Amino acid sequence: MGFRLPGIKKASFAAYQAPSKAVDVPKGYLAVYVGEKMKRFVIPVSYLNRPSFQNLLSQAEEEFGYNHPKGGLTIPCSEDVFNSITFCLN
């Protein structure tokens with residue numbers, strides 16, 4: 001006997017951890033690096049307009065400026081905080 005959890009499937013697609021060797025990012029998405037271990041996540045570009053995500057971008061600007069150590073956008077927060085913010089954006 002099974003049941004569906006459509007919100008969880010949607011959330012897992014919207015902000016998923018990409019394999020470490022993956023270089024390609026689908027059109028309409030961008031890669032960000034999060035946490036102390038700099039885990040790579042691929043998120044929809046639509047997140048950039050959301051106020052909660054813009055707060056993360058402001059923190060990234062304050063901490064790194066435009067020089068991000070991984071070459072991609074680095075978000076200076078824990079993975080748990082990032083996951084909770086991206087889950088709420090869905």
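Residue numbers start at 1 and run along the sequence shown. The shown structure was predicted, so the numbers you read here are calculated from the model rather than taken from an experiment. Both backbone and side-chain heavy atoms feed into the values below; hydrogens, waters and symmetry mates do not.
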Separation between [atom1] of [X] and [atom2] of [Y], rounded to the nearest 0.5 Å:
{"X": "Met38", "Y": "Ile75", "atom1": "CE", "atom2": "CD1", "value": "10.0 Å"}
{"X": "Phe41", "Y": "Asn83", "atom1": "CZ", "atom2": "CG", "value": "5.0 Å"}
{"X": "Ser58", "Y": "Phe53", "atom1": "OG", "atom2": "CZ", "value": "11.0 Å"}

- Give the minimum heavy-atom separation between Tyr29 and Pro44, together with the two atoms involved.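 Tyr29 and Pro44 have their closest heavy atoms at CD2-N, 3.4 Å.
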
- Item | Minimal non-hydrogen separation, Ala31 against Val25, with atom names |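 Shortest heavy-atom separation between Ala31 and Val25 comes out as CB-CG2, 4.0 Å.
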
- Query: Got a sec, which residues hit side-chain contact (heavy atoms from CB on, under 4.5 Å) with Gln59, two or more places apart in sequence or on another chain?
  - Reply: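 With sequence neighbours excluded, Gln59 shows a side-chain contact (heavy atoms from CB on, under 4.5 Å) to Leu56, Pro76, given in chain and number order.
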
